[in-house]
Amino acid sequence: PFIGSPKAESRHAVAHIIGVVGTDNLGEGSPQREVFLQFLRELHTMVKDTTKQTTSEQRNGGILAIGFILGRLLYRYSSNAFDIVPRSEVQEMIEEIVADLDSKQNMFVSGACVALGEIGRYGVIPSKDPSKDVKQLIETAKTTKDIKTQEHAITALGHVAVGDPTQTQDVLAFLCDFGPKQTKQSEVNFTIGESIACIGGGWQCSVMDVFADVADKVPSAPEVPVSVMDNILDTIINEMGTSPKASNKKSACIWLLSLVKFCSAHPSVKTQLARIHSVFSSLLSDRDELTQEVASKGIGLVYELGDQSIRSQLVGSLVGMFGEGRKAAPKVTGDTELFDTNTLGQTPDGSSLSTYQSILSLASDMNQPELVYKFMHLASHNSMWQSRKGAAFGFSSIVSQAEAELKPHLATLIPKLYRYQYDPNPKVNEAMTSIWRALVKEPKKAVQEYFDIIIKDLLEGMGARAWRTRESSCLAMADLLQGRSVEEIERYLENIWTMSFRTLDDIKESVRAAAFKTCRALTLMTVKYCDPKNVSAAEGQRVLDIMVPFLVQKGLTSSAEEVSKFSLSTILKICKQAGPLLRAHIPAIIMALLDGLTSMEPQMMNYLSFHTEKYQVSQEQLESSRLHA
C-alpha cells in the first residue's frame with residue numbers, strides 16, 4: 001500500500017525496500033520466484049492502467065518500484081536475471097518507463113529518471129535501444145524547467161554511464177556543455193559534479209557506496225579505464241579552469257571539488273593534486289563569491305590529501321597572494337569578462353560593456369585609447385581585492401592544520417591581517433577578522449612583538465594608490481596608537497603626522513573621515529606626551545622638539561584648510577598643557593601665529609578693514625575682534 005503514499009519520500013523509500021527485499025532468494029527452483037513474478041506483473045499492469053482506478057501517486061510508486069526491482073535483479077543475478085524475468089517483459093517495462101520521460105507531469109518524469117538510473121547503474125539498460133534511451137534522458141535534462149527533475153535526470157545519466165561505458169563520451173560531452181549554462185542554478189552544477197565523479201571513478205567513487213546495498217555482493221560493472229579520469233581532469237583544468245568566462249570557471253571549480261571529495265583515492269586525482277591546487281588557488285580570486293568559497297573548500301581538501309611538498313607549496317602560494325596580492329596573471333582575450341555585466345553601463349550599440357573587446361572598441365570610438373589602460377587598472381585593482389578576500393577564504397580552511405608551516409610567514413601576514421580588519425568592505429574585514437582570531441592566539445602580545453613591522457606597513461598603506469588601502473591604514477593606525485609609550489612611538493611621530501595630514505586632504509571623502517579619526521587620536525597622544533604631569537621633562541622635551549617645528553613649519557603653512565586648522569587647534573592644546581617645557585619654542589610659535597593672522601582669518605575681516613565707516617565699526621573694535629578670533 002505504501003507504493004501509493006501521498007509523500008514522494010515514502011514512495012521512493014518503499015520502492016527501494018521492495019527492490020532489495022523482493023529480489024532476494026530467486027535462484028533456480030526457488031518457490032519465491034512465482035510469487036515475485038506475479039507481484040512484478042501486477043505492478044506492470046497497474047502502471048499501464050490508464051483508467052481512473054490508479055492514482056497518479058500509485059502509478060509513480062509503481063514505476064519507481066519496477067526500476068528498483070529490475071536494477072537489483074541485474075545487480076544480484078547479472079545476465080541470469082533474464083532466466084527469472086523474460087527479456088521481452090523487461091523490455092516492455094522499460095518502454096513504459098521511458099515513455100514517462102515525455103509526460104507533462106514532473107512527478108512522472110522524475111520517477112522515470114530515477115528508475116532508469118537504478119536499472120542502468122548495474123549494467124547496460126536491457127532495452128531494445130539503450131543509446132536511444134540515453135539520448136532521451138539527455139534531452140529531458142536539457143529541456144525540463146523543473147530543477148528537481150533536472151537533477152534526477154543528471155544523476156541518472158551519471159549512473160547509466162557507470163553501467164554502460166559506451167555511453168560515457170556522449171554523457172560527458174553533454175554535462176560539460178550544459179553545466180556552465182546553469183549560471184542561476186549553482187546546485188545543478190553540484191549534481192553534475194557528482195555525476196562526473198561517478199563516471200570518472202566508477203564504483204571506486206564514494207558517491208556509489210550507498211548503491212552497493214546488497215550484503216556480500218559486489219556490483220559486477222566493468223572497471224573504468226584511468227584514461228577517463230585523466231581526460232576529465234584535463235578538460236576541467238586546462239580548458240574550463242583557465243577560461244575567460246566566469247560561468248566556465250565556476251563549473252570547473254565545483255566539479256573539481258566533487259572529484260577531490262568523492263574520488264580522493266583515484267590514482268589520477270592523487271598524481272594531479274598539484275595542478276588541482278593551482279586551479280583552486282587561482283579561483284580564490286574570482287569575483288563570484290560562491291566560486292571563492294568552493295575554491296577555499298577545495299584547497300582545504302587538497303591540503304588534507306597532499307604530501308609535505310604539496311602542503312608547503314599550498315601555504316607558500318596563499319601567503320604570496322595574501323601579502324603581495326600575487327597571483328597567476330590572467331590571460332586577456334577578446335572574450336575575457338573584466339567587469340560584471342551592467343557594471344559599466346552600455347556600449348553605443350546597446351550591448352553590455354563587460355568584455356575587453358567592448359572596452360577596447362568603446363575607447364576607440366571615443367578617440368581615447370588610454371581609457372583601456374584605466375579600465376584594465378580598474379579591473380586588476382578589483383581582482384587584487386578579490387584575491388585578498390579569496391585568500392581569506394583559503395586561509396580559514398587550512399589555518400588550523402597549517403599553523404606550524406605558517407610560523408615563518410607571520411612577519412608578512414600579521415601586518416597585512418592587522419590592516420585588513422579595518423577594510424571598508426564589511427565582508428573582507430569579517431573574513432580577515434576570523435583569520436586573525438584563528439592565527440593570532442594572543443593579539444596584544446602579537447601586536448607588541450610585530451609593532452614596528454605593523455606601523456611601517458600602515459605608514460606605507462596611508463600613501464598607497466588604492467583608496468581602500470589608505471582608508472583601512474588610517475583606521476588601523478588610529479587603533480594602533482591607543483596606549484603606546486613615548487619610546488615606542490617617538491621615532492615614527494613626525495612620519496605619522498605627515499601621512500595623517502596627507503590623507504586629511506585626500507580626494508575621497510571616506511578616507512578624509514578615517515584620517516580625521518587618526519588625527520584626533522594623534523592629537524590626544526601628542527598633547528598627553530607634552531604634559532609634564534604625564535611624562536618626564538626629558539621625554540616631554542623630545543616630543544615638543546619634534547612636534548612644534550613640524551606643526552609650525554608644515555602644518556600651519558599648509559594650503560589645505562583642514563590641515564592648517566587642525567595644526568592650529570593642536571598647537572593651542574599643546575600651549576595649554578606643555579607649561580615650562582614650551583619656553584624654547586615660544587618665539588617660533590608666536591611668529592607663526594602672527595603670520596597666520598593674515599592667512600587664516602576670514603576674508604570678511606579683510607573686507608571690513610577697508611569699509612569700517614560704511615558698517616560703523618571703529619578700527620579698535622575690528623582689531624579687538626581680530627585678536628579675539
(request) Any chance you could measure Gln292, atom CD, to Leu283, atom CG, to the nearest 0.5 Å? (result) 10.0 Å

(message) Check whether Ser500 reaches the backbone of Ile496 with its side chain - one donor and one acceptor, N or O, closer than 3.5 Å.
(response) yes

(request) Output the distance between atom OG (Ser536) and atom CZ (Arg542), rounded to the nearest 0.5 Å. (result) 6.5 Å

(request) Output all residues satisfying ring-ring contact (aromatic ring centres under 6.0 Å, His included) with Phe501, sequence neighbours left out; order by chain, then residue number. (result) Trp497, Phe550

(message) Show the nearest heavy-atom pair for residues Gly555 and Ser567, with the distance to one decimal.
(response) CA-OG, 3.0 Å

(message) Can you confirm whether Glu613 is buried at CD, in the sense that more than 12 heavy atoms of other residues, nucleotides or ligands lie under 6.0 Å from that atom?
(response) no

(message) Can you list everything that forms a side chain to side chain donor-acceptor pair (under 3.5 Å) with Lys270? Sequence neighbours excluded, please.
(response) none

(request) Taking all non-hydrogen atoms of both residues into account, name the closest pair between Tyr422 and Leu475 and its distance. (result) O-CD1, 3.8 Å

(message) Distance check, rounded to the nearest 0.5 Å: Met604 atom CE versus Ser625 atom OG?
(response) 12.0 Å

(request) Dump the intermediate steps for salt bridge (charged side-chain N to carboxylate O under 4.0 Å, His left out) on Lys554 and Glu494, then the final yes or no. (result) CA-CA 11 Å; Lys554 294 182 184 171; Glu494 188 171 344; 3.4 Å; yes

(request) Check whether any side-chain heavy atom of Thr242 lies under 4.5 Å from a side-chain heavy atom of Val279, and answer yes or no. (result) no

(request) Report yes if the side chains of Leu233 and Leu256 come closer than 4.5 Å at any heavy-atom pair, otherwise no. (result) yes

(request) Could you pull out all residues at least two apart from Gln577 that satisfy side chain to side chain contact (heavy atoms under 4.5 Å, CB included)? (result) Val527, Asp531

(message) Please enumerate all residues that pass ring-ring contact (aromatic ring centres under 6.0 Å, His included) together with Tyr607, with sequence neighbours excluded.
(response) His611

(request) Using a 4.5 Å cut-off on heavy atoms from C-beta on, say whether the side chain of Leu522 contacts that of Leu493. (result) yes

(request) For residues Pro424 and Ser472, report the shortest heavy-atom separation together with the two atoms involved. (result) CD-CB, 4.3 Å

(message) Please check if the number of heavy atoms outside Arg502 that lie under 6.0 Å from its CZ is greater than 12.
(response) no

(request) Please report the closest heavy-atom contact between Phe451 and Glu488, naming both atoms and the distance. (result) CE2-O, 3.7 Å

(message) So, taking the atom named CD1 in Ile571 and the one named CG in Leu582, what distance separates them when rounded to the nearest 0.5 Å?
(response) 10.0 Å

(message) I'd like to check Arg491 versus Asp452 (side-chain heavy atoms, cut-off strictly below 4.5 Å). Are they in contact?
(response) yes

(request) Output yes when a side-chain donor or acceptor of Gln482 lies under 3.5 Å from a complementary backbone atom of Ala478, and no otherwise. (result) yes

(message) Can you list everything that forms a side chain to side chain contact (heavy atoms under 4.5 Å, CB included) with Asn495? Sequence neighbours excluded, please.
(response) Leu459

(message) Quick check for you: to the nearest 0.5 Å, what is the distance between Ile254 atom CD1 and Thr291 atom OG1?
(response) 6.5 Å

(request) Check whether any side-chain heavy atom of Ser281 sits under 4.5 Å from a side-chain heavy atom of His277, and report yes or no. (result) yes

(message) Show the nearest heavy-atom pair for residues Ile236 and Leu259, with the distance to one decimal.
(response) CD1-CD1, 3.8 Å

(request) For Thr503 and Met477, run side chain to side chain contact (heavy atoms under 4.5 Å, CB included): C-alpha distance rounded to whole Å, both residues' side-chain angles, the deciding distance at 0.1 Å, then the answer. (result) CA-CA 12 Å; Thr503 45; Met477 183 67 86; over 6 Å; no

(message) Quick check: Tyr418 with Tyr450 (ring centres under 6.0 Å apart)?
(response) no

(message) Between Met462 and Thr469, does the side chain to side chain contact (heavy atoms under 4.5 Å, CB included) criterion hold? Intermediate values first, please.
(response) CA-CA 7 Å; Met462 287 167 89; Thr469 310; over 6 Å; no

(request) Would you check if Gln619 and Glu623 make a side-chain contact, meaning some heavy-atom pair closer than 4.5 Å? (result) yes

(request) May I ask you to test the Ile455-Ile489 pair for a side-chain heavy-atom distance under 4.5 Å? (result) yes

(request) Give a yes or no on whether Glu187 atom CD has more than 12 heavy-atom contacts from other residues, nucleotides or ligands under 6.0 Å away. (result) yes

(message) Just by distance, no angles: are the side chains of Ser251 and Asn189 close enough, under 3.5 Å, to form a donor-acceptor pair?
(response) yes

(message) To the closest 0.5 Å, what do you measure between CE (Met547) and OG1 (Thr523)?
(response) 8.0 Å

(request) Go through Leu551 and Ile574 one step at a time and tell me if the side chain to side chain contact (heavy atoms under 4.5 Å, CB included) criterion holds. (result) CA-CA 11 Å; Leu551 291 170; Ile574 289 174; 3.8 Å; yes

(request) Provide the full list of side chain to side chain donor-acceptor pair (under 3.5 Å) pairs with a residue in residues 506-521, sequence neighbours left out, each pair given once. (result) Arg470-Asp506, Glu471-Ser510

(message) Can you give me the closest heavy-atom contact between Val552 and Ala588, atom names plus distance?
(response) CG1-O, 4.1 Å

(request) Apply side chain to side chain contact (heavy atoms under 4.5 Å, CB included) to the pair Tyr420 and Asn425, showing each step before the final yes or no. (result) CA-CA 9 Å; Tyr420 290 142; Asn425 181 330; over 6 Å; no

(message) Do Leu622 and Ser609 make a side-chain contact, defined as non-hydrogen atoms from C-beta onward lying under 4.5 Å apart?
(response) yes

(message) Checking Arg419 against Asp479 for the salt bridge (charged side-chain N to carboxylate O under 4.0 Å, His left out) test, could you report, in this order, the C-alpha distance in whole Å, the side-chain angles of both residues, the deciding distance, and whether it holds?
(response) CA-CA 10 Å; Arg419 170 161 57 81; Asp479 205 31; over 6 Å; no

(message) Under a 3.5 Å cutoff, is there a donor and acceptor pairing between the side chains of Gln621 and Ser618?
(response) yes

